[in-house]
Participant: 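Here's a structure for you.
Side chains are part of it too, since the values below use all heavy atoms of this structure and drop only hydrogens, waters and symmetry mates.
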Amino acid sequence: MTADATETVAIRNALLRLRRATGLPVAFGGLMEAGRQMRISELSGTATHALRSLVVTSGNGLGGKTVVLARPCVVTDYSASRQISHEYDAPVAVEGLRSVLAVPVVVRHSVRGVLYGALRTALPLGGRMLDEAVEAARDVERALVVREEARSLAAEGGAGVGREQVREAHAALRALAPKIADPELRSELLDACALLTADSVPSDRVRLAPREVDVLACVAAGATNAVAAERLGVTPETVKGYLRSAMRRLRARTRGEAVVAARRAGWLP
């Protein structure tokens, strides 16, 4: 299965982050396709198209080794390294790459892709550079998880899923959305969340701020203020502030009344 537009943007953004954070001039990567192959789909900082659409088989080359081991791998001089096989020496040589690192994109214990960073000189790579590359891969992992959750919610629309499960999923995804850097992906996730609240949305519904909805979603799923704060990455006092504000807008005296009013207004499933 080839990458869709959202996945392509996630990889592209991760490569840009990798280059900015590490100072490496070249980055490239792609996702696994059917079977045991990964196709390099995105290039950043390359001088040629030698690596574009290159299919990397699991176990072969640096990327293939990374797929098998499910951990970062590094070579200081690609063409001379005895740590990897050399099926892809020709395109790597055309691009003029020497030192290369590769980090896996792992989702639910399965390698879903590989990101590479490279130098055109033979110098050791590791330490901070490797840590930053791993963090860039984490961005793609989060994007893939959110994309899959959004697809699932969009397909189901809550049908056949227990109401409590829907509320828990809605709360979890609302809490995750602000952490997504890519605006297209974040918008898609929030659109999927909205499908769960689309049963009844009065035209005169009370206005709520996004963070007020996030807090109410956590409360509706049974979270305490402390748990809601941890999920949303804020302090318990901030949660209390958003909750008080939402209660005022909804004219509710208790958090329970606020949840009920928010559901009636179409903000919560």
Side-chain angles (χ1 to χ4, degrees), residues 6 9-10 13 107-109 135 138-269:
T6 301
V9 168
N13 288 344
V107 177
R108 299 186 179 95
H109 308 293
E135 286 305 309
R138 297 296 88 83
D139 284 350
V140 181
E141 291 167 8
R142 284 189 286 268
L144 294 180
V145 169
V146 170
R147 177 63 170 149
E148 289 172 2
E149 293 289 350
R151 280 174 171 169
S152 176
L153 289 176
E156 294 175 358
V161 180
R163 181 55 58 183
E164 289 308 313
Q165 289 176 293
V166 171
R167 288 168 181 164
E168 289 175 5
H170 180 264
L173 292 174
R174 291 263 345 169
L176 183 59
K179 302 174 185 177
I180 302 302
D182 176 38
E184 292 182 19
L185 185 60
R186 185 169 59 249
S187 176
E188 185 174 356
L189 173 60
L190 292 174
D191 287 346
C193 287
L195 291 175
L196 301 180
T197 64
D199 292 341
S200 176
V201 183
S203 59
D204 59 344
R205 72 175 180 175
V206 177
R207 285 183 173 274
L208 292 177
R211 268 315 204 190
E212 292 170 345
V213 179
D214 295 342
V215 168
L216 287 172
C218 289
V219 171
T224 63
N225 288 349
V227 172
E230 184 177 352
R231 289 181 181 176
L232 299 174
V234 298
T235 67
E237 287 303 315
T238 300
V239 168
K240 290 179 184 178
Y242 282 126
L243 188 54
R244 283 194 296 267
S245 176
M247 288 169 63
R248 266 196 318 271
R249 294 174 189 266
L250 294 165
R251 298 182 180 179
R253 294 171 296 178
T254 67
R255 54 199 283 137
E257 287 183 5
V259 168
V260 171
R263 285 176 180 152
R264 287 176 178 166
W267 288 108
L268 298 177

Participant: Got R249 and E212 here, is their nearest side-chain heavy-atom distance under 4.5 Å?
Facilitator: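 SC-SC contact between R249 and E212 confirmed.
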
Participant: So do the side chains of N225 and R255 get within less than 4.5 Å of each other, counting heavy atoms only?
Facilitator: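 Yes. Closest side-chain heavy atoms under 4.5 Å.
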
Participant: Which heavy atom of A258 sits nearest a heavy atom of A252, and at what distance?
Facilitator: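 In terms of heavy atoms, the two residues are closest at N-CB, 3.4 Å.
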
Participant: How long is the span from the CZ atom in R211 to the CG atom in L216, to the nearest 0.5 Å?
Facilitator: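 That separation rounds to 12.5 Å.
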
Participant: Considering all heavy atoms of both residues, which atom of A220 and which atom of V259 are nearest to each other, and what is their separation?
Facilitator: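 So the two residues come closest at CB-CG1, 3.8 Å.
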
Participant: Walk me through whether L190 and R174 qualify under side-chain contact (heavy atoms from CB on, under 4.5 Å).
Facilitator: CA-CA 7 Å; L190 292 174; R174 291 263 345 169; 4.0 Å; yes

Participant: Among L232, V213, V215, find the residue that satisfies the side-chain contact (heavy atoms from CB on, under 4.5 Å) test when tested with Y242.
Facilitator: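 Going through the options one by one, the only one that passes is V215.
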
Participant: Compare all side-chain heavy atoms of D214 with those of P178 and state whether any distance is below 4.5 angstrom.
Facilitator: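 Yes - at least one pair of side-chain heavy atoms lies under 4.5 Å apart.
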
Participant: Is there a salt bridge (charged side-chain N to carboxylate O under 4.0 Å, His left out) between R138 and E135 once you walk through the steps?
Facilitator: CA-CA 5 Å; R138 297 296 88 83; E135 286 305 309; 5.4 Å; no

Participant: Would you indicate whether the side-chain heavy atoms of V227 and C218 approach each other to under 4.5 Å?
Facilitator: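 Contact flag for C218/V227 side chains = no.
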
Participant: Do the side chains of E230 and P236 get nearer than 4.5 Å, heavy atoms only?
Facilitator: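 The answer is no; the side chains never approach within 4.5 Å.
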
Participant: Is there a side-chain contact (heavy atoms from CB on, under 4.5 Å) between V234 and V239? Walk through the geometry before answering.
Facilitator: CA-CA 7 Å; V234 298; V239 168; 3.7 Å; yes

Participant: With a 4.5 Å cut-off on side-chain heavy atoms, are E257 and L250 touching?
Facilitator: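 No - every pair of side-chain heavy atoms lies 4.5 Å or more apart.
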
Participant: More than 12 foreign heavy atoms under 6.0 Å from CD of E141: is that the case here?
Facilitator: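 It does: E141 CD has more than 12 such atoms within range.
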
